[in-house]
K.L.:
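Quick one: this structure, given as structure tokens, is what I'll be asking you about.
It should be emphasised that the depicted structure is a prediction, and the values quoted were computed from it without experimental measurement.
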Amino acid sequence: QYIADNNLTAIATGTGLYYVIDAPGNGIQPNSQSTVTVAYKGYLTNGSVFDESTIAGISFSLTSVIRGWQEGIPYFKEGGSGILLIPSALGYGGQATSGIPANSVLVFEVELIDVL
């Protein structure tokens with residue numbers, strides 16, 4: 001419903017994850033084991049922001065983040081940006097955490113700055 005309400009052209013992956021590529025990027029494409037630097041803003045479908053990086057981004061291994069990021073970030077190349085729509089099963093599931101209610105769909109605006 002969020003996709004329709006916001007007129008997004010989202011691609012379904014088959015796992016419940018949807019992604020939108022605003023800019024494909026032209027650098028290295030990471031895999032689910034890569035260490036990356038990503039600038040992001042995370043919010044709920046009601047627009048409530050629960051987390052946001054600085055414009056410089058944050059570096060981390062994709063093995064240490066939620067499954068939606070492990071699957072979604074590799075759809076972008078360095079310099080790419082877009083949106084990840086992550087179902088609760090690929091996010092935090094039935095566990096409430098850091099201002100995120102249980103069973104929440106997560107929306108992330110992401111920019112893949114670097115693949116390390």
K.L.:
If a pair satisfies side chain to side chain donor-acceptor pair (under 3.5 Å) and one of its residues is in residues 73-101, list it, with sequence neighbours excluded.
P.N.:
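For residues 73-101: none.
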
K.L.:
Keeping to residues at least two apart or across chains, list the side chain to side chain donor-acceptor pair (under 3.5 Å) pairs with something in residues 14-23.
P.N.:
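Matches after skipping sequence neighbours: Thr13-Thr15, Thr15-Glu71.
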
K.L.:
Could you give the distance from CG (Leu62) to CZ (Arg67), rounded to the nearest 0.5 Å?
P.N.:
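Answer for the CG-CZ pair, Leu62 versus Arg67, is 14.0 Å.
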
K.L.:
Going from NZ on Lys41 to CZ on Phe108, what distance comes out if it is rounded to the nearest 0.5 angstrom?
P.N.:
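Here the rounded value is 12.5 Å.
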
K.L.:
Which atom pair, heavy atoms only, marks the closest approach of Pro101 to Ser104?
P.N.:
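Looks like O-OG, 2.6 Å.
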
K.L.:
Treat each ILVMFWY residue as a node, draw an edge where side-chain heavy atoms are under 4.5 Å apart, and state whether Val38 and Val107 are in one component.
P.N.:
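No: no chain of side-chain contacts under 4.5 Å links Val38 to Val107.
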
K.L.:
Can you run down the ring pair (Phe, Tyr, Trp, His ring centres under 6.0 Å) pairs that involve residues 26-49, sequence neighbours left out, and say none if there aren't any?
P.N.:
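Checked against ring pair (Phe, Tyr, Trp, His ring centres under 6.0 Å) - neighbours excluded - the pairs reaching residues 26-49 are Tyr40-Trp69.
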
K.L.:
Which residues pass the side-chain hydrogen bond (donor to acceptor under 3.5 Å, both in side chains) test with Thr37, sequence neighbours left out?
P.N.:
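With neighbours one apart ignored, the set is Ser59.
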
K.L.:
List for me each residue that meets side-chain hydrogen bond (donor to acceptor under 3.5 Å, both in side chains) alongside Gln33, sequence neighbours excluded, and say none if there are none.
P.N.:
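Residues passing side-chain hydrogen bond (donor to acceptor under 3.5 Å, both in side chains) with Gln33: none at all.
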
K.L.:
What closest approach, in Å, do Ala102 and Gly94 show between heavy atoms, and which atom pair accounts for it?
P.N.:
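Result for this residue pair: CB-O, 3.1 Å.
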
K.L.:
Is it possible for you to say whether Ile73 and Val65 belong to one hydrophobic cluster, with membership spreading through side-chain heavy-atom contacts below 4.5 Å?
P.N.:
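Yes.
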
K.L.:
Distance check, rounded to the nearest 0.5 Å: Leu112 atom CG versus Ser34 atom OG?
P.N.:
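That separation rounds to 9.0 Å.
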
K.L.:
Do you reckon Val105 sits in the same ILVMFWY cluster as Phe50, going by side-chain contacts under 4.5 Å, direct or chained?
P.N.:
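As far as the 4.5 Å side-chain criterion goes, Phe50 and Val105 are not connected within one cluster.
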
K.L.:
To the nearest 0.5 angstrom, please state how far the CD1 atom of Ile3 sits from the OG1 atom of Thr45.
P.N.:
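The OG1 atom of Thr45 is 11.5 Å from CD1 of Ile3, to the nearest 0.5 Å.
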
K.L.:
Quick check: is Ile83 connected to Ile11 through a chain of hydrophobic side chains (ILVMFWY, heavy atoms under 4.5 Å apart)?
P.N.:
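They do not share one cluster, since no chain of ILVMFWY contacts under 4.5 Å joins Ile11 to Ile83.
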
K.L.:
According to a 4.5 Å side-chain heavy-atom criterion applied to Ile, Leu, Val, Met, Phe, Trp and Tyr, with indirect links allowed, do Phe60 and Val110 form part of one hydrophobic cluster?
P.N.:
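Yes, Phe60 connects to Val110 through the hydrophobic network.
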
K.L.:
To the nearest 0.5 Å, what is the distance between CD1 (Ile100) and CD1 (Ile66)?
P.N.:
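Here the interatomic distance stands at 7.5 Å.
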
K.L.:
Within the side chain of Ser61, is there an N or O that forms a donor-acceptor pair under 3.5 Å with the backbone of Thr63?
P.N.:
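Yes; judged by distance alone, with no hydrogens or angles, the pair exists.
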
K.L.:
Tell me whether Asn46 at atom CG has more than 12 heavy atoms from other residues, nucleotides or ligands lying less than 6.0 Å away.
P.N.:
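For Asn46, atom CG is crowded (more than 12 foreign heavy atoms under 6.0 Å).
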
K.L.:
Mind checking side-chain hydrogen bond (donor to acceptor under 3.5 Å, both in side chains) for Asp5 and listing every partner two or more places apart, or none if nothing turns up?
P.N.:
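So Asp5 forms a side-chain hydrogen bond (donor to acceptor under 3.5 Å, both in side chains) with Gln1.
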
K.L.:
What is the minimum heavy-atom distance between Ile113 and Ala56, and which atoms define it?
P.N.:
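Here Ile113 and Ala56 meet closest at CD1-O, 3.4 Å.
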
K.L.:
Looking only at non-hydrogen atoms, find the nearest pair between Leu106 and Leu44 and report the distance.
P.N.:
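So the minimum-distance heavy-atom pair works out to CD2-CD2, 4.1 Å.
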
K.L.:
Search all heavy atoms of Pro74 against all heavy atoms of Ser32 and return the closest pair with its distance.
P.N.:
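For Pro74 versus Ser32, the nearest heavy atoms are CG-N, 3.9 Å.
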
